[in-house]
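Working notes, structure below.
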There are 4 protein chains.
Amino acid sequence: MQRARTPEAKDDRRGVFAGAALDEFYEKGFAAARMEDIARRVGFSKGALYLYFDSKEALFEAVVENFAMPNVARLETVAATAGGVGAVIDAMTTLAPVIIREGRIPKIAKVLIGDAPAFPAVATAYRQKVIDRVLAVITGVLKKAKAASEIDIGEPALAARLIVAPMIFSAVWRIMFEHDDEAHFDLDAFFSQHGIMLKRAFKLEAAA
Amino acid sequence: MQRARTPEAKDDRRGVFAGAALDEFYEKGFAAARMEDIARRVGFSKGALYLYFDSKEALFEAVVENFAMPNVARLETVAATAGGVGAVIDAMTTLAPVIIREGRIPKIAKVLIGDAPAFPAVATAYRQKVIDRVLAVITGVLKKAKAASEIDIGEPALAARLIVAPMIFSAVWRIMFEHDDEAHFDLDAFFSQHGIMLKRAFKLEAAA
Amino acid sequence: MQRARTPEAKDDRRGVFAGAALDEFYEKGFAAARMEDIARRVGFSKGALYLYFDSKEALFEAVVENFAMPNVARLETVAATAGGVGAVIDAMTTLAPVIIREGRIPKIAKVLIGDAPAFPAVATAYRQKVIDRVLAVITGVLKKAKAASEIDIGEPALAARLIVAPMIFSAVWRIMFEHDDEAHFDLDAFFSQHGIMLKRAFKLEAAA
Amino acid sequence: MQRARTPEAKDDRRGVFAGAALDEFYEKGFAAARMEDIARRVGFSKGALYLYFDSKEALFEAVVENFAMPNVARLETVAATAGGVGAVIDAMTTLAPVIIREGRIPKIAKVLIGDAPAFPAVATAYRQKVIDRVLAVITGVLKKAKAASEIDIGEPALAARLIVAPMIFSAVWRIMFEHDDEAHFDLDAFFSQHGIMLKRAFKLEAAA
DNA sequence: CATGAATGAGTCTTCATTCAT
DNA sequence: GATGAATGAAGACTCATTCAT
């Protein structure tokens, strides 16, 4: 195979292996995934994979690390750029089906849900570095709007979770029923309806 | 250990083993769970477990089969007994935190999310026998109310999913952060707020 | 294969495995010896071996533990029973070729010399439990004789080592040249001459 | 790293690698020693090592070849130069502790004892080229002295082995207990006493 | 019925060796 | 000549499954 000689080429290769690992972990779960299959999936030998990761566990951690971050940034940008709560809700409910369909986030979610219990430290790190940040962004927007009396809302931190819940739901749904044709439903319509209901629930309808 | 002689005693024992298996599958995942540990957890030997289940896979199927059903029945009863949509929402948002805290449902969810992808048939069977029925119950109530013009709602089938989403969310949350003290939030308040927002979103407020 | 069900049968089996391990470690060295070969040598599977020893390293320790002790006892008895220094020297130089030819001691010596550097704790334990005791027995006899002015000798502890040296020499020789026909020499004559020279060196000739 | 262009430079480098290999084989044993570690120990890459030796086995043979010879020459010189048996004994018992402490001989001994059984040809070659010559030198001196009735001795070939035995003993001791502080004893006193006892045993005392 | 000893297929990991750069 | 990335054979160890007791 091609040889990665420069540091950049090696970084790229790490990413390639991590991507392959995500797919295998997603399909088989951490314990059932085979290092050899991960390597072969991108045309390398088992041994090459061990040049980049010391162990299967290290690979798992790298996978979570690698693919969670970029998506947080995307959400933060959306929240920061959008005007008010209504705009944020619109942006998020528009972005959500795209992210869900794109595939990586549901895969990470599946891997974390399925295997993180065996790696509590990974789960906690993920919460701190990804989930808390996402929730903080949304909670911040809601708090500001509440202070300005724009919306009628209870505890912003809980509302933030209620906003996010359908994303988790659809990610989980996708994970479980990807190959089950009868199970599919219209993601766009689902999130659009979520947006409408949220705005009503926040009594934002007029503003929307 | 004790011997199970009557057919009833044998059925009981199957249930006991399945319960132990659920716990082990939940904690370690299907692949990493050991048959011996499952048996020992309830005071039996590995060999005894094989008297009741032909293989680890058969045990997995039995676990899903065994513990999903009772909860469907509970929900169906609630939906059937409650008066209108508002009452159903109240009943469900009151029941939800209890079920989440009780533990079995999040455990099954975790096992299914984590391991069902390796058993597509199990996942599909579960959807048909459990999820579809739950969603059907809720969808039915919403449809009737919509027909009676009690509520303002889009597609009832999607709304049903939006009602259920926070349950999945909190089940997943519990799975991932059970041992992460900083992560806990108030489940009762969460579902209470969910109920309030739903009723507003359905323009049911006055009726509630 | 036969099953070891009683604790005694299991102890026996441990010994059987340890014996097989000694042979393999002797022939190939610790690192090159294969667990499967050790097990097969006595008609068992790899897995069975792991029922009795947690790891290759644990097996190594058991081997040293198991086969060193009995021989210490033999020597101690000889030293305790024999009358004076001359008798002890006679007894030891008569016993030595038998022990060397019997095979187990040279094998353990080889295993320890070859592999103990990788297991310093094992080496130290062996010194304390085996070598020090053997040397102490001999040193004790020499000291008593010196105090009684029976022999003319320097430091008894060093003399004890000089008495033992040809045993180590011939063990090492046997290890290295077992299959080298040209290398053989007459062990009995060798130790007999050692005895004669020792008695002269101690000025015990008259007494002998 | 530096490049070796001339044939002499290449021979030097072979020696450098062989020295590193001796150290690694000594510390870890043949099977557990890593080619990369051997190369790195002298600042080269794995690949460079393979430019000089075709395989690990070839390297092993070179190690034995390389470091045994010089010491034989030293001993032969001593034996040839010294006047009579007494002088040879004095010279050898003075030289012995120096050689033992210097380290290379015990290391080779350890490597041979530990790993030669897996390489019978190497062991035999070593005996022929090193051990037999050393023993022959000593045996020759003893024979001459016996013929001249200078000493009272049995079989000279066996006596030669008895002279050498404490050297093997102390080499083995050093190998096994190098890092075991409680185990050290005074090498100079040990060999001095060996010399005294030998001369008495040969009835050379007067002459010494 | 229940037990746990025995089996052997399966997987992680290491490392001698090769070879593109 | 020198390097170190890539390969794949080999071996320790695990555990689902079987079966003698």
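Only heavy atoms go into these numbers, but all of them, side chains included; no hydrogens, no water, no symmetry mates. Here the structure is a predicted model, which is why all the values come from computation and not from measurement. So you know, we letter chains A, B, ... as the sequences are listed, proteins then strands, and number each from 1.
- A cation-pi arrangement, defined by a distance under 6.0 Å to the six-membered ring centre and an angle within 45 degrees of its axis, is present between C:Lys56 and C:Phe30.
- Nearer the 5' end of DNA chain F, as judged by each residue's closest nucleotide, is the contact made by A:Ala4, out of B:Lys56 and A:Ala4.
- Both C:Ser45 and B:Ala48 lie close to DNA chain E; mapped to their nearest nucleotides by heavy-atom distance, the more 5′-ward contact belongs to B:Ala48.
- Nucleic acid contact for A:Ala33: sugar-phosphate only, since backbone atoms but no base atoms lie under 4.0 Å from a heavy atom of the residue.
- Residue C:Arg40 places at least one side-chain N or O closer than 4.0 Å to OP1 or OP2 of E:dG8.
- For D:Leu51 and F:dG4, the CG to P distance is 13 Å, given to the nearest whole Å.
- A donor-acceptor pair under 3.5 Å links the side-chain atoms of B:Lys110 to the main chain of A:Gly114, judged by distance alone.
- Taking atom CG of D:Leu59 as the reference point, atom C1' of E:dA16 lies 12 Å away to the nearest angstrom.
- F:dT17 and E:dA6 make up a base pair, with Watson-Crick or G-U wobble contacts both under 3.5 Å.
- Taking only side-chain nitrogens and oxygens, C:Lys10 comes nearer than 4.0 Å to OP1 or OP2 of E:dA5.
- Side-chain atoms of C:Tyr50 lie closest to F:dC13 of the nucleotides F:dT3, F:dC13, F:dA6.
- Regarding C:Tyr52, its OH atom lies at a distance of 9 Å from the C1' atom of E:dA6, rounded to whole Å.
- Distances shown here put a side-chain N or O of D:Arg13 below 4.0 Å from the OP1 or OP2 atom of F:dA2.
- Out of E:dT13, E:dT21, F:dT18, the shortest distance to the side chain of A:Arg5 is found at E:dT21.
- For D:Lys46 and F:dG4, the shortest distance from a side-chain N or O to OP1 or OP2 is not below 4.0 Å.
- Ion pair B:Arg41/B:Glu27 flagged as a salt bridge, since at least one NZ, NE, NH1 or NH2 atom sits closer than 4.0 Å to an Asp/Glu carboxylate oxygen.
- Taking the six-membered ring where the residue is Trp, D:Phe17 and D:Tyr52 present tilted rings, their angle falling between 30° and 60°.
- In this structure, A:Ala32 and B:Thr6 both approach DNA chain E, and ranking their closest nucleotides by distance from the 5' end singles out B:Thr6.
- Under the 3.5 Å distance criterion, the side-chain polar atoms of C:Arg34 are left unmatched by any main-chain donor or acceptor of C:Ile38.
- Between B:Asp23 and the options B:Lys107, B:Lys28, B:Arg104, a side chain to side chain donor-acceptor pair (under 3.5 Å) holds for only B:Lys107.
- Rounded to whole Å, the distance from CG on C:Leu49 to C1' on F:dC15 is 16 Å.
- One atom, CZ of B:Phe60, and another, C1' of F:dA16, lie 17 Å apart when rounded to the nearest Å.
- Note on A:Arg34: a side-chain N or O is less than 4.0 Å away from OP1 or OP2 of E:dT11.
- Atom P of nucleotide E:dA5 and atom CG of C:Asp12 are separated by 15 Å, given to the nearest angstrom.
- If you check every strand for non-hydrogen atoms under 4.0 Å, C:Phe53 touches nothing.
- Spacing between atom CE of D:Met35 and atom P of F:dG4 amounts to 16 Å, rounded to whole angstrom units.
- In terms of polar N and O atoms assigned as donor or acceptor, the side chain of C:Lys28 never comes within less than 3.5 Å of the base of F:dG11 in a complementary pairing.
- The CD atom of D:Glu36 sits 14 Å away from the C1' atom of E:dT18 (whole-angstrom rounding).
- Side-chain proximity of A:Ser55 to E:dA6, E:dT13, F:dT3: nearest is E:dT13.
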